[in-house]
Peer 1: 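Below you will find the structure I want to go over with you.
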Amino acid sequence: MTDQPATAHSQPLSEQEAAALVEAALVEVGGTRMVYRSPRQAFSLSSRRTIDVDGRRVEITYGEIASPAIATVAGWTFQINDEDIDLLMRPPKRRTEGRGPRTES
């Protein structure tokens with residue numbers, strides 16, 4: 001997963017926004033089938049691509065038989081299938097600060 005630099009896009013993304021960015025990046029590399037069904041890419045030095053979409057970095061990792069094709073953006077991770085994408089992981093939730101001190105019973 002790539003670290004996102006602090007930019008004007010430092011606001012958290014919703015799942016729908018993250019999925020739309022991944023879809024746009026996939027269009028740029030030739031679609032889901034070019035990533036999902038491209039086993040030669042998995043072993044090459046260029047098996048991972050980073051694409052800038054609307055100021056956000058989308059990282060695409062090509063798939064092979066033993067590992068799925070995935071895309072990550074701002075902590076969201078999606079599995080790339082033959083014709084669509086599925087959510088694999090959400091970004092970790094930050095603990096809210098300002099919670100009162102614990103009281104012992």
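As a basis for the values below, the full set of heavy atoms in this structure was taken, side chains included, without hydrogen atoms, waters or symmetry mates.
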Peer 1: Report the residues that fulfil salt bridge (charged side-chain N to carboxylate O under 4.0 Å, His left out) with R33, sequence neighbours left out, ordered by chain and then residue number.
Peer 2: D82, E83
Peer 1: Kindly determine whether V58 and E28 satisfy side chain to side chain contact (heavy atoms under 4.5 Å, CB included), including the steps that lead there.
Peer 2: CA-CA 11 Å; V58 180; E28 192 169 322; over 6 Å; no
Peer 1: In terms of hydrophobic clustering (I, L, V, M, F, W, Y; side-chain heavy atoms under 4.5 Å; direct or indirect links), are I85 and V35 co-clustered?
Peer 2: yes
Peer 1: Set out, in order, the CA-CA distance, both residues' side-chain angles and the distance that settles side chain to side chain contact (heavy atoms under 4.5 Å, CB included) for Y62 and V29, then state yes or no.
Peer 2: CA-CA 11 Å; Y62 288 80; V29 298; 4.2 Å; yes
Peer 1: Between A24 and V53, which heavy-atom pair has the shortest distance, and what is it?
Peer 2: CB-CG1, 3.8 Å
Peer 1: For A69 versus Y36, what's the shortest heavy-atom pair and its separation?
Peer 2: CB-CA, 4.2 Å
Peer 1: Nearest 0.5 angstrom please: T32 OG1 to Q79 CD, how far?
Peer 2: 12.0 Å
Peer 1: What are the two closest heavy atoms between A25 and I51, and how far apart are they?
Peer 2: O-CD1, 4.0 Å
Peer 1: V73 and L87: same hydrophobic cluster, using ILVMFWY side-chain contacts below 4.5 Å?
Peer 2: yes
Peer 1: Applying the 4.5 Å side-chain criterion to the ILVMFWY set and letting contacts propagate, would I60 and L88 be lumped into a single cluster?
Peer 2: no
Peer 1: Same cluster for L13 and I70 if Ile/Leu/Val/Met/Phe/Trp/Tyr side chains link at under 4.5 Å?
Peer 2: no
Peer 1: Can you tell me how far the CG atom of N81 sits from the CG atom of D86, to the nearest 0.5 Å?
Peer 2: 4.5 Å
Peer 1: Considering all heavy atoms of both residues, which atom of E17 and which atom of P12 are nearest to each other, and what is their separation?
Peer 2: OE1-O, 4.2 Å
Peer 1: With sequence neighbours excluded, tell me which residues meet salt bridge (charged side-chain N to carboxylate O under 4.0 Å, His left out) with E15.
Peer 2: R90
